[in-house]
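Report on one structure; see the data block that follows.
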Amino acid sequence: MPEGAQGRIVRVVAGFYDVDLEGRTVRCRARGVLKKRGIHPVVGDAVRVRLSGPSEGVVEDVLSRTNVLVRPLVANVDLAVLVFSIREPDLNRHLLDRLLVSVELQNIPALLCWSKADLLQDRSDFEREVSVYGRLGYPTLFASSLTGEGIDALRTWLRGKVSVFAGQSGVGKSSLINALRPGLNRAVGDVSRRLGRGRHTTRQVELLRLEENAYVVDTPGFGVLAFDKDLEPERLPKGFPELVEVGRDCRYRGCLHEEEEGCAVPAALAEGRIDPLRYDHYREWLKELREAREERYR
Ligand SMILES: Nc1nc2c(ncn2[C@@H]2O[C@H](COP(=O)(O)OP(=O)(O)OP(=O)(O)O)[C@@H](O)[C@H]2O)c(=O)[nH]1
Ligand SMILES: [Zn+2]
């Protein structure tokens, strides 16, 4: 048996860790000393494993993490693939901005994937609607798991990374992952049935291995995304690249871009350098975070 093989935790099941070692899964328990040191391995962790049988082993060590997403609980996330269908369901910009703020605040690069591209013949209106995201510097691609459009480009994006797929229920995340590797066969549900009941097909947090060094997490669909309960309102501007940029011209450092004297945002709004809908979302969430803080100190 080779000693100290390095692998990646793909699943946590009732105190056991399933570790991918170059395409083969080994069920492991964690060495007792890890717990004593307060180290709790999670999905996505790069680990050193000592094999104790053909498909059994012990997690000896957890390598240092680049980041940890809280929901879903995944370590070492390289890319967030935010999936939004161009129709069925229609684009939800509130949720899109919310997801973008979350990944920005966690320093995770985002790829915007417009799914079900086959449902729209003329894309010019849609492209106009989402052009703001391209201008902000987010990479975007159209994809359809029905026609295969964009699947190769998506595969190229995922190569060598741990990627988390996120987006509303029914936008086609599982279908995209199926198209990326047909052998995986994720459960695909019926959109009308599930949207009606708010039920989700996708449940357990699991890393799926697509090819060598490409792992994806299919997160359960959701309608809204809660911010971390203790996120300070002062951090919110960091979630908006355009506010970070324009904010350099505000008179006061730490300007929250409401009605402060010398704030550069009103001029940027008037000149179209800041998208009004995104700014509305910013103001709404600033208020929400302030209220949450008041709750905390009550
Ligand atoms: N027209 C079209 N329909 C699609 C496409 N991809 C998925 N669908 C349909 O959309 C519905 C939802 O697909 P899923 O892949 O289960 O969506 P999901 O985002 O994984 O949903 P959750 O697991 O609930 O988060 C299914 O009825 C699919 O057949 C596509 O590219 N084009
Ligand atoms: Zn300002």
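Here, residue 1 is the first one in the sequence, and each next residue gets the next number. In what follows, every heavy atom counts, from backbone to side chain, and hydrogens, waters and symmetry copies are set aside. Just so you know, ligand 1 is whichever comes first in the structure, and atom 1 is the first atom listed for that ligand.
- Qualifying side-chain contact (heavy atoms from CB on, under 4.5 Å) partners for R273, counting only residues two or more places apart in sequence or in other chains: V246, A268, E271.
- Inspection of the Y279 and R283 side chains reveals an N or O donor paired with an N or O acceptor under 3.5 Å.
- D275 and Y133 share no donor-acceptor pair across their side chains, judged by distance under 3.5 Å alone.
- Counting heavy atoms under 4.0 Å from ligand 1, residue L176 does not touch it at all.
- Judged as a side-chain contact (heavy atoms from CB on, under 4.5 Å), and not counting sequence neighbours, the contacts of I39 are L34, R37, V62.
- Listed by number with element, the atoms of ligand 1 under 4.0 angstrom from any heavy atom of S174 are 15 (O), 18 (P), 20 (O), 23 (O).
- Residue E245 qualifies as open at atom CD: its count of foreign heavy atoms under 6.0 Å is 12 or below.
- Proximity to L119 (heavy-atom distance under 4.0 Å) selects the following atoms of ligand 1: 1 (N).
- Annotation: ring-ring contact (aromatic ring centres under 6.0 Å, His included) contacts involving residues 237-258, sequence neighbours excluded, comprise F240-Y282.
- In terms of polar-atom proximity, defined here as any N/O pair under 3.5 Å, G172 does make such a contact with ligand 1.
- With no hydrogens or angles considered, no side-chain donor-acceptor pair links R98 and S102 at under 3.5 Å.
- Residue D118 holds the heavy atom nearest to atom 32 (N) of ligand 1 of all those in I177, V171, D118.
- Here E291 does not pair with R296 in a salt bridge; the nearest charged N to carboxylate O distance is not below 4.0 Å.
- Classification of the F142-W114 ring pair by plane angle, with boundaries at 30° and 60°, yields tilted.
- Polar contact with ligand 1: present for S169 (N/O pair, distance under 3.5 Å).
- In terms of N/O distances under 3.5 Å, ligand 1 is approached by G170.
- Closer than 2.8 Å to the Zn ion (ligand 2) sit the protein N, O or S atoms C250 SG, C255 SG, H257 ND1, C263 SG.
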